[in-house]
Amino acid sequence: MLRSSMAVVALAWRLFALTISAKYRKSFLGYFWMVAPALAITAGVTLANRAGIINPGATALPYPVFVLLGTLIWFVFVEAVDVAHQAFEGARSYLTRVCFSREAIILARALECAISALVRLLLVLFVLLLFRGIDFNAVAWIALSFAGAVTLGLGIGALLMPFTMLFADFHQTIKLWLSYGLFLTPAMYQPATSDGVFALLLKLNPVWPLMSTARDAAAGVALSHAHAFGTALILGAMTTIAGFIVIRTVAPIVIERMLMGGK
Amino acid sequence: MSNDDVCVSVRDVSKKFSRSLKRSFVYGASDIGRLLTGREADETLRPSEFWAVRNVSFNLQRGKSIGIVGLNGSGKTTLLRMVSGILRPTVGEVVVNGRIAPMLALGAGFKPVLSGRQNIFLNLSLLGVPERQIRERFDSIVDFAELSEAIDAPLGTYSSGMQARLGFACAVHTDPKIMVVDEVLAVGDTRFRMKCRNRINELRRDGTSMLLVSHSSVLIETLSDECIYMRKGKVVMQGAPTRVMRRYDADHAAASAQRDAQREQDLSRAPQDGRPLNIASVKLATALAPDAGFWVCGLEGELAVNLEAVGPVDDISVNLMVFDQTHQPGEAVLFIKSSRDQGRLALMAGESRVNLKLPQVGLRPGTYRLKVSISKGAQHDLIDVVDNVRLIVRDAGRARNNLYYQPRDWVCTGGLFSGLAEAEAGMDELDPEVA
């Protein structure tokens, strides 16, 4: 069992290394694209704020930093959700022709996602350093928030993957919700504590405590949702493990359908 | 025969698929649900489902090779995929003992943007070879593929032949215990094909077992120790290659004969207005029967073309095209023109007959389609054509394992042949009417 796990990790590492090499060969700007969308949104929203169009509520951090942190965490989460699906889609040509440990391709893609999260994390830390300085404690909490976003997204995506591969409509629906999610989550504003549907959505949203903790740590204040934060991290770990087990079990059924859908 | 000697054991395996794409997705979701909740898989046929493979069992011993034949859609590739572990059987189990090199997957995972070198590592990692071994075999792989100059260039710059060679070189260097070969036995030019064939033989001599799927009966008969004939997912016959291939050829001829019987064979035709010359009828004869309707491989055969001319005509050529329908459907195997062999034909008004005599029919046993035409002039303007004439060439045991019958003589100086021809295995299964 241990040997086969090591083999899976070794294969994943090799796939990852070669994919990164392939990606790097194709583009000049490379890592810039990982952070460009978040930067663009931040710039846009900040301008709107300055112009008085958007009123995001009181924030402990300077608004641009507030938005950057929120949107980056959300994007990390969204990218992680799609990892399992993209891994299988990308390997369509050889999934149906060679028998190998399928978890390896998901792991390889997850590594790519982790690198992307790391780049975004570094950007945030750099910006924080510029704006107000930073201490080790804050770095640790923020890094943990990003890690939590990755594992949470990975787990949810892995559990959904067999069904998103089978039903294209389902996949589209998920993608749509994730893009709406940017507005439903407090990525760009501070939520006012109120009742109703919105508050309920917020309570159920596992990414919210991650954002909230990262922002609190960056601002140097006490964590407001520490309990929920812990829950979100545990949820991330559990869904990831469950997701991999599910994929390992049902992969042949999914792959059969991939055969039918064309090579 | 101990259990250790069996590398692939297929036990009563069945596999079902759904014909409808949308239904198959729904069934897939339902199967996933059953699997995750620990319930038994559904072994009955749901609407639009069919059995692609049904109740197949066989054992592959170490060092042996099994050939699988069948028409397209008979379940061969599905069976191979189950043996390779890509698909799970609906019923039954497949037990594999040893590493499989699936030739179904030449060049699996190749990324055009990466170099040949990187793709070798990628492909072999996918096929399960540890990195250390890849490094050890790297030079041998590049030599085999004859790509030492281009190995660091992006794969996308390779020609398709180069890519195929690289894929094959990787596959034969995986050190497999079992080779699963689906039609792709050799790629590239003749010299490379020879190398591929020799390498496969080498692997076989070293004890690698082989599962081979091919349409070519020559390949199956020469390379496999046992043969399985599949039709519509079921095993029709299993055993010695010669016997099984005989049944396969016979079924095939019967099938195409049945198809042709539905098509009207109008060999007698009335002359059309405006045509100076008509083909009245076409007959196939053997030495024993002037209107046999078939030929026998290796024996005398004759084609009689009865013509009717309105007035005297000249500069005529009688042409025959023969198309294979059994082994390589649609392939043109003969194109004979009387003008090339005997010069231009001049005919008098009224009836005449042209006989094409074949001292020994070289076509191998099977079903063929004839097209007889008459043409005029240097450009061979067509005057009349008779198409879709069914020709069955029957087996007298003369072209065993051969692509065609070759008339021959043996002479030895300094030695003596006994003169006693030996009967080949399977001679008792020849066509009793003609052998």
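Quick note on labels: first sequence line is chain A, next is B, and so on, each numbered from 1.
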>> Side chains of B/L126 and A/R14, heavy atoms from C-beta outward: is any pair under 4.5 Å?
In response: no
> What do you reckon, is CZ of B/R34 surrounded by more than 12 foreign heavy atoms closer than 6.0 Å?
Replying inline: yes
> Which bit of A/L95 comes within less than 4.5 Å of chain B, counting heavy atoms only: side chain, backbone, both or neither?
Replying inline: backbone
>> I need the A/F167 CZ to B/K22 NZ distance, nearest 0.5 Å.
In response: 11.5 Å
> Taking atom CZ of B/R81 and atom OG1 of A/T96, what is their separation to the nearest 0.5 Å?
Replying inline: 6.0 Å
>> Report which part of A/L11 has an atom under 4.5 Å of a heavy atom belonging to chain B: side chain, backbone, both, or neither.
In response: side chain
> Can you find a pair of side-chain heavy atoms, one from B/L127 and one from A/F100, that are under 4.5 Å apart?
Replying inline: no
> Can you check whether B/I32 reaches A/L166 side chain to side chain, under 4.5 Å on heavy atoms?
Replying inline: yes
>> With a 3.5 Å distance limit and no angle check, can you tell me whether A/R257 reaches the backbone of B/S24 through a side-chain donor-acceptor pair?
In response: yes
> Checking B/L122 against chain A: side chain, backbone, both or neither under 4.5 Å from a heavy atom?
Replying inline: both
> Within a reach of under 6.0 Å around CH2 of B/W51, are more than 12 heavy atoms found that belong to other residues, nucleotides or ligands?
Replying inline: yes
> Can you tell me how far SG of A/C99 sits from CE of B/M82, rounded to the nearest 0.5 angstrom?
Replying inline: 13.5 Å
> What is the distance from atom CG of B/L114 to atom CG of A/L18, rounded to the nearest 0.5 Å?
Replying inline: 5.5 Å
>> Looking at A/F126, I want to see if its CZ is surrounded by more than 12 non-hydrogen atoms of other residues, nucleotides or ligands under 6.0 Å.
In response: no
>> Quick check on B/F110 against chain A: is it the side chain, the backbone, both or neither that has a heavy atom closer than 4.5 Å?
In response: neither
>> Between A/E256 and B/K15, does any side-chain N to carboxylate O distance fall below 4.0 Å?
In response: yes
> B/L35 and A/T249: which non-hydrogen atoms are nearest, and at how many Å?
Replying inline: CD2-O, 3.4 Å
>> Measuring from atom CZ of B/R88 to atom CD1 of A/I253, what distance do you get when rounded to the nearest 0.5 angstrom?
In response: 5.5 Å
>> A quick test of your reading: do over 12 heavy atoms of other residues, nucleotides or ligands sit less than 6.0 Å from NZ of B/K177?
In response: no
